[in-house]
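To start, the structure itself, in structure tokens.
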Protein chains: 2
Amino acid sequence: MHGSAHIADIEAAAARLAPYATVTPVLESPALNARAGCRVLLKAELFQRTGSFKFRGAMNFLLQLPAEARARGVVAFSSGNHAQGVAAAASELGVAATIVMPKDAPAAKIAGTKAFGARILFYDRLREDREEIANAIVVQSGATLLRPFDDAAVLAGQGTVGLEFARQAANLGVTLDRVAVPCSGGGLVAGVGLGLRAAGTVAQVFAVEPQDFDGMGRSLRAGQRMAAPGGPMSVADALMAPMPGAIPFAVARHTVAGGLAVSDAELERAVAYAAQVLKLVVEPGGAAGLAALLAGKFGGGPIVGVVLSGGNCDPERLAACCTRWPEP
Amino acid sequence: MHGSAHIADIEAAAARLAPYATVTPVLESPALNARAGCRVLLKAELFQRTGSFKFRGAMNFLLQLPAEARARGVVAFSSGNHAQGVAAAASELGVAATIVMPKDAPAAKIAGTKAFGARILFYDRLREDREEIANAIVVQSGATLLRPFDDAAVLAGQGTVGLEFARQAANLGVTLDRVAVPCSGGGLVAGVGLGLRAAGTVAQVFAVEPQDFDGMGRSLRAGQRMAAPGGPMSVADALMAPMPGAIPFAVARHTVAGGLAVSDAELERAVAYAAQVLKLVVEPGGAAGLAALLAGKFGGGPIVGVVLSGGNCDPERLAACCTRWPEP
């Protein structure tokens, strides 16, 4: 266990991140409101530095790491968004970063990680264990492992998305009733639940996961951590954690109302809708909440929030989704 | 001549449009600021209803059209964005709309126009005269021609982009020094110049046009309306007016500092940058201001504004641009 997270941690993380992270805007689309039949506020976290929320958690972690540990560098394993978040945050603070990435990660994410100056080690997703590779580096070099979600500082950093979202809704004169958040290991959704509460908003928060990778939904229903069945690769490469992290799950039990599962087709359709109607480049995993909304699995406002958590989508994927699901 | 436009018309248009048009957000990207070497504010008009600024001008025109004329319907010719703007505005007010579109207009724009319930007449860009076709409909049906740019009400509607932009900059505590605006017939750029002044901002406004379709730049330099040489189709299908409109030019002489020309490659690169770094779907014409900035043809802040005027980009085009110009 690497700590536990509380409401006060979110406020502290927000203050810590203020000089570094982008306060991402809340967007609204008349076309989407009409389609959903309620008012939909979109938290455009795809505009965050590195193109996803992951920068927040990584930066909040590094800012609390003692100088002596920073000097030994950090190591992370990630299919891409955590990789870019760690690489950019480390670069900003002059910390050396090594990222263990699967060979089949989207080209956009590999290129982004390299551009931030991180060292990349590729592994075979089917035959090698990324945690083993990362741990070997930790043992050899004394680097610190920066976990993608099972860490209180990372979770608190992601939770600032919820704090901001609640305050931005308040500035619009409304309160979020229900919020849909993409979920993999659970750091973002648990953090958003905590962040909304830190702002005094008690919205129903839903973790949206790909079918067969719905560990958080299963765990919340069972009252204990459960693995999802898994299966072939999901189109949402960022949402393939086999099971929620212990720390995120402990928080989510109190802050997340339930889980929703979406199919690959629903995810692709959301990517296509975002590009063609909303004019936003959202990656499949980042579009999970929107996918649930468009599929009629989420809604029932009057005021619903959807976190668009990442936009690092390969253009070929984007074009394929739009061709398959033309709008209008 | 169809009227002339004044500063007061922009305020009036803004009040008229308030119940209908989206107040589009101003976005900022740390990555773009770093690249440009100055602070860049992006007016995200691609989020406007119908995906471009054209809705504003069409709606401002229709709201001033007498009921008797509204009952006879409107006709417009357009490669796509004006078509969608007219179709949506007409549909909102229960006015019948006929749109004369080139056969080779982007599929996304044709689909959007149809979705708003307009009747579409296709013509051959190389062999037929769209104005002739539209005028024949006017004569036969008594419908009103809704010009794409050479009309004071349309220009005043587009000018609300500038009024909003200046006020949003003021809310951020800054004043726009220089603003780049995509230009075809000149309604938007002349209107933005007027709109900025309506808000008390005297920024240097630049009309950004495709090479060989740079009629506004040539006209401003010559002090009189001049045709551009033209040429094969530009990647910016929305910016192919052979020469600025008389009304926009008369306004632009007082509100626009000059013209900048960008190549197809520079436009494609801006589309790719917007998708990959900014996570925005911008069409080539809508990205003209960004193209000038990225090509080093515009800048010199400290505070520069760029109007992203439209996002109706075919996904295949978007993917091709990103493949050709990968970022980072």
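The structure presented is a predicted model; accordingly, all values stated were derived computationally and were not measured. Sequence lines set the chain letters: A, B, ... in the order given, protein chains first and strands last, and positions in each chain run from 1.
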Where does [X] contact chain A at under 4.5 Å (heavy atoms): side chain, backbone, both or neither?
| X | answer |
| --- | --- |
| B:Ser29 | neither |
| B:Ala111 | both |
| B:Leu278 | backbone |

Against chain B, label A:Ala275 side chain, backbone, both or neither, depending on which of its atoms sit under 4.5 Å from a heavy atom there. both
Which of A:Leu308, A:Asn312, A:Leu280, A:Val282 passes side chain to side chain contact (heavy atoms under 4.5 Å, CB included) with B:Lys279? Answer is A:Asn312
Atom CG of B:Leu27 and atom CG of A:Leu27: how far apart are they, to the nearest 0.5 Å? 7.0 Å
Would you mind reporting whether B:Pro315 and A:Leu318 have side-chain heavy atoms less than 4.5 Å apart? no
